Amino acid sequence: FSLYFSFLTQPRSPRNPGCWPHAMTLTESQLEELEIIRSILGEDAFFVEENRVTFSLPLEANDGARLLVTLPNAHQAFGRPAAAAAAAAAEEAGPADVQGNIEEENSTRPPERTLSGRLRTDFPIKYLPPITLDCVLVPAYPETEPPQITLSCMWLPPSRLALLAAELDKLWTQSCGEPILFAWVDWLRTQALTCLGLCDAVVLDRISEPGEGSDPRCRCTGGHEELAAAAMLRYDAQQRSEHFLMEEQTCPVCYSDVLGSLCVCLRCGHFTCKECFVTHCKTRIDEGEFFVTCLCCTEPISPDILREHLGEETFQRWERIVSSQALDRMDDIRACPRCNTTVIIDVKANFGHCTKCFFAFCVSCGSAYHPGRLCEGKEAVLVKMLEKKSNPDTEDMLRRLRLQQELLNIQEVKKLSKPCPSCGVSIEKTEGCNKITCVCGKYFCYLCGKAIDGYNHFDSGYCELFVMPDEVGRFVPAVQIVRPMFLPDEPLSRCPNCGQGNARVARNNHSRCWNCRSEFCFRCRHLIRGTAHFLGGPCRQHEPV
């Protein structure tokens with residue numbers, strides 16, 4: 001406190017108490033002390049009204065500290081309401097849960113029951129609600145009398161606050177008539193939790209009314225333990241949010257250092273810089289993705305966050321994709337071929353009737369409904385329409401041009417894609433295996449078009465999981481890297497279990513299928529287990545050079 005007391009010992013001119021209009025009863029030395037404290041701690045460090053000075057002192061626990069709560073009512077499972085309170089607090093405070101907090105949030109332990117039937121649980125916490133120090137500056141302060149103090153806190157019981165008040169009395173005794181306010185404030189901010197032993201584990205004691213013999217200067221402003229715990233979690237979430245926005249953060253995608261206010265925080269707890277977030281979301285939307293998920297996990301991003309950061313035009317495009325894919329998943333919903341209005345169809349009769357333009361249409365071909373006549377399909381209908389004689393006017397030529405383009409689109413889609421057997425959506429495979437996952441969530445084989453459950457379909461040998469050598473041809477650079485491991489121009493040996501081709505590695509006949517993971521002999525193609533097959537039999541485990 002050398003800087004603080006050096007200010008007090010310097011000669012000073014009379015002060016104008018205009019900066020505290022409600023402090024007209026304070027002496028000149030008391031005003032000087034408050035002005036010095038304000039210059040050190042900041043403008044909002046305290047509040048002055050007449051001769052009363054109120055300090056609000058926030059406390060910060062150690063990293064990894066936990067809030068321990070014990071409830072007296074054994075029928076109230078505090079774990080669930082407290083988690084809901086913490087979630088509500090995070091919603092009010094904004095996106096406060098950042099990536100460094102995810103492990104702490106997930107490590108919240110379930111409630112445990114004590115021997116007396118009380119429930120005990122704990123939560124991660126760092127920022128604690130403030131302790132309020134209320135000082136009444138008497139005229140004889142600081143020469144002969146100390147300020148009259150009152151300590152209050154919403155989560156500390158009066159018995160704990162009395163320990164802090166006793167330490168403040170000791171500091172006044174040691175000061176020998178010197179100004180003490182800053183020493184008290186500094187001690188409470190830095191040493192209060194250490195004095196109470198709450199740096200690593202903040203125990204929320206049972207809050208009760210002060211009894212006889214208790215210190216009248218100490219009072220608890222909180223209510224029941226459950227309410228106090230919820231308020232503490234809410235305060236912690238608010239402070240985490242404020243500190244995150246003001247501090248510099250490292251984007252987990254591009255590793256650039258940006259202010260937290262320039263980051264996008266998601267409800268799953270992860271965050272990225274705005275540039276990475278916008279680029280990721282626009283890429284997913286351009287690819288026609290139904291779910292735009294977090295860059296660090298698979299949690300979907302909420303629509304309100306997408307609207308806020310992507311702009312109205314991109315957000316509406318995403319909404320159209322979501323609506324279109326949602327309608328495609330519904331068997332009884334189609335769009336009217338004339339006005340594109342959503343129509344509920346009769347699946348059995350293959351019939352739809354638009355409630356806007358009143359067009360009755362065939363679901364398969366999109367033309368006027370033709371009961372009793374076999375549907376030729378949309379492609380045949382377009383061909384017939386193009387074969388009709390056209391008028392020389394411009395409108396008819398544009399109509400025929402649109403029909404030609406639609407016909408070419410249908411033919412190209414049929415040539416490059418396969419329809420899902422469940423919902424009929426056309427899917428094109430660009431690379432990878434032949435097990436296709438449709439947007440409707442069903443699986444089917446890209447070779448035969450049949451609906452399948454998993455990879456068991458490819459164990460029969462009729463359909464291969466990978467088409468050889470077309471799929472391998474896409475990975476020629478990778479094959480060239482490992483080429484010395486394989487024998488040149490040696491044919492593949494098919495697995496006796498699933499039929500997939502496998503290459504022999506380093507002249508070793510003990511092979512393991514890359515598809516079904518079965519062990520077999522490369523030479524005789526028998527299923528084996530271990531190396532006993534090669535001991536004394538006709539097959540060698542290693543071929544000679």
Side-chain angles (χ1 to χ4, degrees), residues 1 3-5 7-8 17 19-20 22-23 25-27 29-61 127-199 202 204-205 207 210 214-222 228 231-232 235-236 239:
F1 311 116
L3 176 63
Y4 170 68
F5 288 112
F7 276 121
L8 293 179
C19 55
W20 295 295
H22 302 288
T25 59
L26 298 179
T27 64
S29 60
Q30 294 170 355
L31 289 174
E32 287 183 355
E33 182 182 9
L34 293 179
E35 185 174 350
I36 294 172
I37 295 176
R38 185 187 64 174
S39 65
I40 297 174
L41 301 181
E43 295 287 341
D44 301 327
F46 55 89
F47 174 75
V48 180
E49 184 174 4
E50 295 184 354
N51 64 335
R52 183 182 299 273
V53 184
T54 304
F55 296 89
S56 183
L57 308 173
L59 303 177
E60 184 174 337
Y127 301 99
L128 301 172
I131 295 177
T132 301
L133 173 63
D134 198 18
C135 303
V136 177
L137 304 184
V138 296
Y141 170 76
E143 286 79 9
T144 57
E145 295 185 18
Q148 299 175 2
I149 64 170
T150 302
L151 282 176
S152 59
C153 183
M154 53 135 342
W155 56 279
L156 284 175
S159 58
R160 292 294 188 96
L161 293 174
L163 297 177
L164 301 181
E167 293 295 329
L168 298 185
D169 293 339
K170 292 180 182 179
L171 290 177
W172 165 254
T173 305
Q174 298 170 2
S175 66
C176 302
E178 296 291 340
I180 196 61
L181 291 183
F182 181 79
W184 279 353
V185 169
D186 185 70
W187 186 89
L188 287 174
R189 291 174 58 189
T190 58
Q191 302 297 325
L193 292 181
T194 304
C195 175
L196 299 176
L198 303 178
C199 292
V202 182
L204 186 59
D205 294 330
I207 300 175
S214 59
D215 196 333
R217 301 175 298 173
C218 305
R219 57 190 179 90
C220 179
T221 59
M232 293 175 70
Y235 179 85
D236 181 63
Q239 292 300 311

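Just so it is clear, the structure is predicted and the values come from calculations on it, not from any experiment.
When the side-chain contact (heavy atoms from CB on, under 4.5 Å) test is applied to Pro129, the partners found at least two apart in sequence or on another chain are Met154, Trp155, Met232, Tyr235. Judged as a side-chain contact (heavy atoms from CB on, under 4.5 Å), and not counting sequence neighbours, the contacts of Ala45 are Leu41. Shown here are the side chain to side chain donor-acceptor pair (under 3.5 Å) partners of Glu60, two or more places apart in sequence or in another chain: Lys126. Not counting sequence neighbours, the partners of Ala140 by the side-chain contact (heavy atoms from CB on, under 4.5 Å) test are Thr144, Glu145. With sequence neighbours excluded, the residues forming a side-chain contact (heavy atoms from CB on, under 4.5 Å) with Thr27 are Ser29, Gln30, listed by chain and number.
In this structure the side chain of Leu198 reaches within 4.5 angstrom of the side chain of Arg160, judged on heavy atoms. Side-chain contact between Ile36 and Phe182 is absent, with no heavy atoms from C-beta onward closer than 4.5 Å. Using a 4.5 Å cut-off on side-chain heavy atoms (C-beta onward), Pro146 and Ile180 make no contact. Contact annotation: the side chain of Leu181 approaches that of Leu137 to within less than 4.5 Å [non-hydrogen atoms, C-beta and beyond]. The shortest distance between side-chain heavy atoms of Pro147 and Val136 does not fall below 4.5 Å. Between Trp172 and Trp184, some side-chain heavy-atom pair lies under the 4.5 Å cut-off. Within the 4.5 Å cutoff, the side chain of Val185 has no heavy atoms near those of the Trp187 side chain. Looking at heavy atoms from C-beta onward, Thr150 lies out of side-chain contact with Thr132 at the 4.5 angstrom threshold.
Here the straight-line distance linking atom CG of Asp44 with atom OG of Ser56 works out to 10.5 Å at 0.5 Å rounding. Within the model, atoms CG of Leu133 and CZ of Arg189 stand 12.5 Å from one another, a figure rounded to the nearest 0.5 Å.
Nearest heavy-atom pair, Leu171 versus Ala183, reported as atom, atom and distance to 0.1 Å: CD1-O, 4.2 Å. Closest approach of Leu151 and Ala165 over heavy atoms only: CD1-N, 3.6 Å.
At distances below 3.5 Å, not a single donor-acceptor pair connects side-chain atoms of Asp215 with backbone N or O atoms of Ala162.
Counting only N and O atoms by type, the side chains of Glu33 and Tyr141 include a donor and acceptor under 3.5 Å apart.
Within the structure, salt bridge (charged side-chain N to carboxylate O under 4.0 Å, His left out) contacts touching residues 161-170 (residues at least two apart or in different chains) are Glu167-Lys170, Asp169-Arg217. Within the structure, salt bridge (charged side-chain N to carboxylate O under 4.0 Å, His left out) contacts touching residues 127-141 (residues at least two apart or in different chains) are Arg52-Asp134.
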Next on the checklist: Set out, in order, the CA-CA distance, both residues' side-chain angles and the distance that settles side chain to side chain contact (heavy atoms under 4.5 Å, CB included) for Cys153 and Leu161, then state yes or no.
Outcome noted: CA-CA 8 Å; Cys153 183; Leu161 293 174; 4.1 Å; yes
Next on the checklist: Working note: Thr54 + Phe46, criterion side chain to side chain contact (heavy atoms under 4.5 Å, CB included); need CA distance, chi angles, decisive distance, verdict.
Outcome noted: CA-CA 5 Å; Thr54 304; Phe46 55 89; over 6 Å; no
Item to check | Steps toward side chain to side chain contact (heavy atoms under 4.5 Å, CB included) verdict (Leu188, Leu168) | outcome: CA-CA 9 Å; Leu188 287 174; Leu168 298 185; 4.2 Å; yes
